[in-house]
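By convention in this document, chain letters (A, B, ...) are assigned in the order of the sequence lines, proteins followed by strands, and residues within each chain are numbered from 1. Side-chain atoms are counted along with the backbone in the values below, which use heavy atoms only and exclude waters and symmetry mates.
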2 protein chains.
Amino acid sequence: MNSILARINENLHTLSEAEKKMGIYVLENPKLIPNMTTKDLSRKAGTSESSVVRFCKSIGIESFKTFKLELAKELAKEDFNLTDFNFLQKKSEPYDIFQQVSFVNKSAIEAITTSLERKEFEKAVDKILHADKLVFYGVGGSATAALDGFYKFTKLGYPSTAHQDFHFLLSSIPYLNKNDVVIAISMSGKTKDVLELSRFAQKEGATVIAITNLDKSPLYKEADIRLCTPVVEQDYRIGSIPSRMTQLTIIDALYLSVLNKKGENVLSRYHEARNEVIRLRR
Amino acid sequence: MNSILARINENLHTLSEAEKKMGIYVLENPKLIPNMTTKDLSRKAGTSESSVVRFCKSIGIESFKTFKLELAKELAKEDFNLTDFNFLQKKSEPYDIFQQVSFVNKSAIEAITTSLERKEFEKAVDKILHADKLVFYGVGGSATAALDGFYKFTKLGYPSTAHQDFHFLLSSIPYLNKNDVVIAISMSGKTKDVLELSRFAQKEGATVIAITNLDKSPLYKEADIRLCTPVVEQDYRIGSIPSRMTQLTIIDALYLSVLNKKGENVLSRYHEARNEVIRLRR
DNA sequence: ATAAACTATGAAATTTTATTTCACTATAGT
DNA sequence: ACTATAGTGAAATAAAATTTCATAGTTTAT
């Protein structure tokens with residue numbers, strides 16, 4: 001089965017009135033969509049252009065253009081359906097599991113293009129570029145990404161933190177100012193600690209960049225800049241595995257973009273540290 | 001072969017100067033086209049927006065929009081080709097960098113199949129399944145993977161550690177026994193701390209599973225079980241980024257395999273913890 | 001050699017399409 | 001009954017695609 005259409009079908013009941021009309025029309029005429037405009041589609045589905053755009057966001061795709069593109073691609077494939085997640089039902093052999101998890105991780109990374117908005121990403125890079133201090137915060141499955149960000153941006157010379165301890169971290173927030181950035185990482189966008197921390201930081205004037213699922217969660221709504229990860233199949237066995245890959249890829253992209261923009265200035269220090277690492281290795 | 005690209009290739013010599021530039025750019029970067037605008041493409045190809053539109057007509061496609069759509073569909077069908085990593089050379093825009101890093105990460109994961117040996121992987125799963133305690137150790141770029149492993153296997157009820165502090169960690173090694181496992185993570189396989197630790201652990205009777213590049217490094221030679229990551233392009237800008245993805249994917253696969261083998265027994269406790277997490281979220 | 005005719009090109013204008021904002025409505029919670 | 005909130009489409013705005021047009025460079029005819 002087809003993942004975008006399947007996703008629409010599954011979530012049909014969670015959608016609002018106008019969005020449901022959209023969903024039904026799309027499910028009935030998937031092949032027509034890629035050649036339609038928002039106006040066409042809104043007329044056919046009996047809604048408005050704004051609802052078309054909102055519908056795309058609701059099913060986890062950042063824009064109507066991307067929606068059309070992805071749908072076209074999927075319909076083109078039509079057969080290649082390895083997207084079947086109940087592989088863990090039966091007793092699989094370890095090596096099968098390895099191959100499946102590779103596939104899932106790969107697909108998750110592929111899907112980021114559908115959820116990450118270009119403009120938001122550019123805003124994030126720009127903000128970080130001019131930031132004084134960075135705070136990375138994520139708990140549970142998102143702690144890995146926070147640590148990774150902390151590690152990478154420290155290498156670029158940013159005073160950064162990524163403490164796990166919420167109360168410890170809280171005490172550092174009042175020292176943040178307008179040029180400081182909190183990177184709040186939470187798959188669900190509902191994690192209480194992450195939310196509290198980002199609210200507090202905003203109150204103190206810092207900017208909050210959220211790395212979170214494209215979904216109308218509190219964190220999504222409240223963040224200043226949103227870097228969205230795709231909503232992937234939620235199977236409890238896989239848990240946060242593919243999400244963590246997408247979070248990390250976004251961190252990677254931020255890091256490389258900032259490194260690229262900083263240019264030669266930072267590179268010489270970077271190399272200096274690197275050479276020391278190699279020297280100390282022996 | 002691919003009909004649109006083939007058509008461009010065949011007719012390249014019949015095209016005018018500006019159109020030829022277009023054709024060459026499209027042939028070199030077909031995957032990027034569907035997400036580009038006329039402006040993007042005209043800049044990259046060194047022509048004007050009008051030439052982009054004219055180019056589409058010249059190769060027999062009525063509009064740029066249709067061109068993008070058709071190209072996307074075709075590429076979706078036969079997705080398997082290029083594996084070239086040297087695109088981070090020039091000054092790129094943030095969003096380009098994002099796309100490139102996604103691609104690199106994806107490719108790296110794909111490549112694990114070529115480096116990870118099935119038998120070694122099965123041995124590793126089996127060993128961990130019967131282990132009493134686990135120690136994850138990795139420094140620098142590999143610290144993320146160590147932390148992630150620590151986090152995951154703790155969820156499965158294993159007494160695990162993943163400390164950063166070498167000397168602190170050393171003091172716990174003499175308490176390891178035959179059933180304990182050290183997962184030593186190092187890209188190069190030459191990192192001094194990781195090597196020392198794994199030698200010490202082996203002397204005390206523990207088993208060392210190495211997650212390291214497929215290469216005749218000291219760690220590769222000395223480990224009891226080798227889970228090899230593919231050797232990917234070593235560009236200092238990308239650094240350890242793709243390697244870290246492969247390390248994490250291996251950890252994921254180990255985790256899921258162990259979870260799967262443990263079966264129902266562990267699942268009930270797992271769910272218990274999970275429900276608490278969800279409850280505490282609100 | 002020179003003018004006329006033609007061609008290719010990019011800048012700018014126009015049209016179309018997508019996205020955002022905003023005011024209004026319905027509905028739920030107090 | 002009164003807020004607060006979510007959902008909606010009309011209208012405004014932004015972005016993207018397409019067309020027009022002036023110009024520069026070629027070719028052709030005389």
Side-chain angles (χ1 to χ4, degrees), chain A residues 11-26 32-72 114-123 189 214-218 220-222 224-226 228, chain B residues 11-26 32-72 93 95 282:
Chain A
N11 299 339
L12 207 56
H13 62 282
T14 69
L15 297 174
S16 69
E17 205 51 41
E19 289 174 359
K20 200 173 291 175
K21 282 193 212 163
M22 279 284 311
I24 290 167
Y25 185 82
V26 173
L32 301 181
I33 311 298
N35 295 308
M36 293 175 104
T37 68
T38 46
K39 199 191 248 173
D40 293 345
L41 188 45
S42 64
R43 293 243 174 93
K44 293 278 182 186
T47 65
S48 65
E49 293 185 50
S50 2
S51 291
V52 172
V53 174
R54 273 193 295 263
F55 168 77
C56 298
K57 298 231 158 96
S58 291
I59 58 162
I61 290 177
E62 57 106 358
S63 75
F64 179 59
K65 268 186 288 176
T66 308
F67 174 66
K68 288 196 289 189
L69 203 58
E70 292 301 313
L71 194 56
T114 69
S115 63
L116 184 75
E117 281 191 54
R118 183 184 186 134
K119 268 198 278 177
E120 293 287 296
F121 182 71
E122 282 165 357
K123 272 201 275 178
L214 177 52
D215 200 359
K216 303 228 165 89
S217 67
Y220 175 88
K221 284 184 199 145
E222 294 174 22
D224 299 299
I225 300 175
R226 299 178 254 267
C228 293
Chain B
N11 299 341
L12 207 55
H13 62 280
T14 70
L15 298 172
S16 71
E17 204 52 41
E19 290 174 357
K20 200 175 291 175
K21 281 194 214 164
M22 279 282 313
I24 289 168
Y25 184 83
V26 172
L32 300 180
I33 311 299
N35 294 308
M36 292 175 105
T37 66
T38 47
K39 199 193 244 176
D40 290 345
L41 187 46
S42 64
R43 295 241 174 98
K44 294 280 180 184
T47 66
S48 65
E49 294 183 51
S50 3
S51 292
V52 172
V53 175
R54 274 193 294 263
F55 167 78
C56 298
K57 303 226 157 95
S58 292
I59 59 163
I61 290 175
E62 55 103 4
S63 76
F64 180 57
K65 268 187 291 176
T66 309
F67 173 64
K68 288 197 289 188
L69 205 58
E70 292 303 311
L71 193 56
E93 283 308 296
Y95 197 74
R282 54 196 95 251

Discussion item. So, using side-chain hydrogen bond (donor to acceptor under 3.5 Å, both in side chains) as the criterion, who are the partners of A:Ser16 when residues are at least two apart?
Written reply: none
Worksheet entry | Where protein sits on nucleotides 5-13 of chain C, one letter per nucleotide: B base, S sugar-phosphate only, - none, heavy atoms under 4.0 Å | ---SBBB--
Worksheet item: With distance as the sole criterion, is a donor-acceptor pair present between the side chains of A:Glu19 and A:Ser58 under 3.5 Å?
Response: yes
Discussion item. Checking the side chain of A:Asp40 only, and the main-chain atoms of A:Thr37 only, is there a donor and an acceptor separated by less than 3.5 Å?
Written reply: yes
Worksheet item: Taking CE from A:Met22 and P from D:dG7, how many angstroms apart are they, rounded to a whole number?
Response: 16 Å
Discussion item. Using 0.5 Å steps for rounding, measure from the NZ atom of A:Lys44 to the CE atom of A:Met36.
Written reply: 6.0 Å
Worksheet entry | Contacts of type salt bridge (charged side-chain N to carboxylate O under 4.0 Å, His left out), residue B:Glu49, not counting sequence neighbours | none
Worksheet item: Does B:Glu17 have any side-chain hydrogen bond (donor to acceptor under 3.5 Å, both in side chains) partners at least two apart in sequence or in another chain, and if so, which?
Response: none
Worksheet, complete the sentence: One should read off an interatomic distance between A:Leu69 CG and A:Thr114 OG1, to the nearest 0.5 angstrom, of 10.5 Å
Worksheet entry | Non-hydrogen side-chain atoms of B:Phe55 and B:Val26 separated by less than 4.5 Å | yes
Worksheet item: To the nearest angstrom, how far is A:Glu62 atom CD from C:dT19 atom C1'?
Response: 11 Å
Response to the item:
Whole-Å distance, A:Phe64 CZ to C:dT16 C1', equals 13 Å
Worksheet item: CG/B:Leu41 to CZ/B:Arg43 distance, rounded to the nearest 0.5 angstrom?
Response: 11.5 Å
Worksheet item: Got a sec? Which of residues 36-44 of chain A come in under 4.0 Å of DNA chain C, heavy atoms?
Response: A:Thr37, A:Thr38
So which protein N/O to nucleotides 25-30 of chain C N/O distances come out below 3.5 Å?
none

Discussion item. Students often get this wrong, so: under 4.0 angstrom with heavy atoms, is A:Lys20 touching a base, only sugar-phosphate, or nothing?
Written reply: nothing
Worksheet item: Can you tell me how far C1' of C:dT17 sits from CG of A:Asn35, to the nearest Å?
Response: 14 Å
Fill in: Under-4.0 Å side-chain N/O to phosphate OP1/OP2 contact, B:Lys68 with D:dA17
yes
Worksheet item: How far does OG of A:Ser63 sit from CD of A:Glu70, to the nearest 0.5 angstrom?
Response: 9.5 Å
Item to complete: Mind calculating the distance between CD (A:Glu117) and P (D:dA14) to the nearest angstrom?
Response: 16 Å
Practice prompt. Would you kindly give the CZ-to-P distance between B:Phe67 and D:dT18, to the nearest whole Å?
Written response: 12 Å
Discussion item. Expressed as a whole number of angstroms, how long is the span from A:Lys57:NZ to D:dT8:P?
Written reply: 15 Å
Worksheet item: In Å, rounded to the nearest 0.5 Å, how long is the span from CZ of B:Arg54 to CE of B:Met22?
Response: 11.0 Å
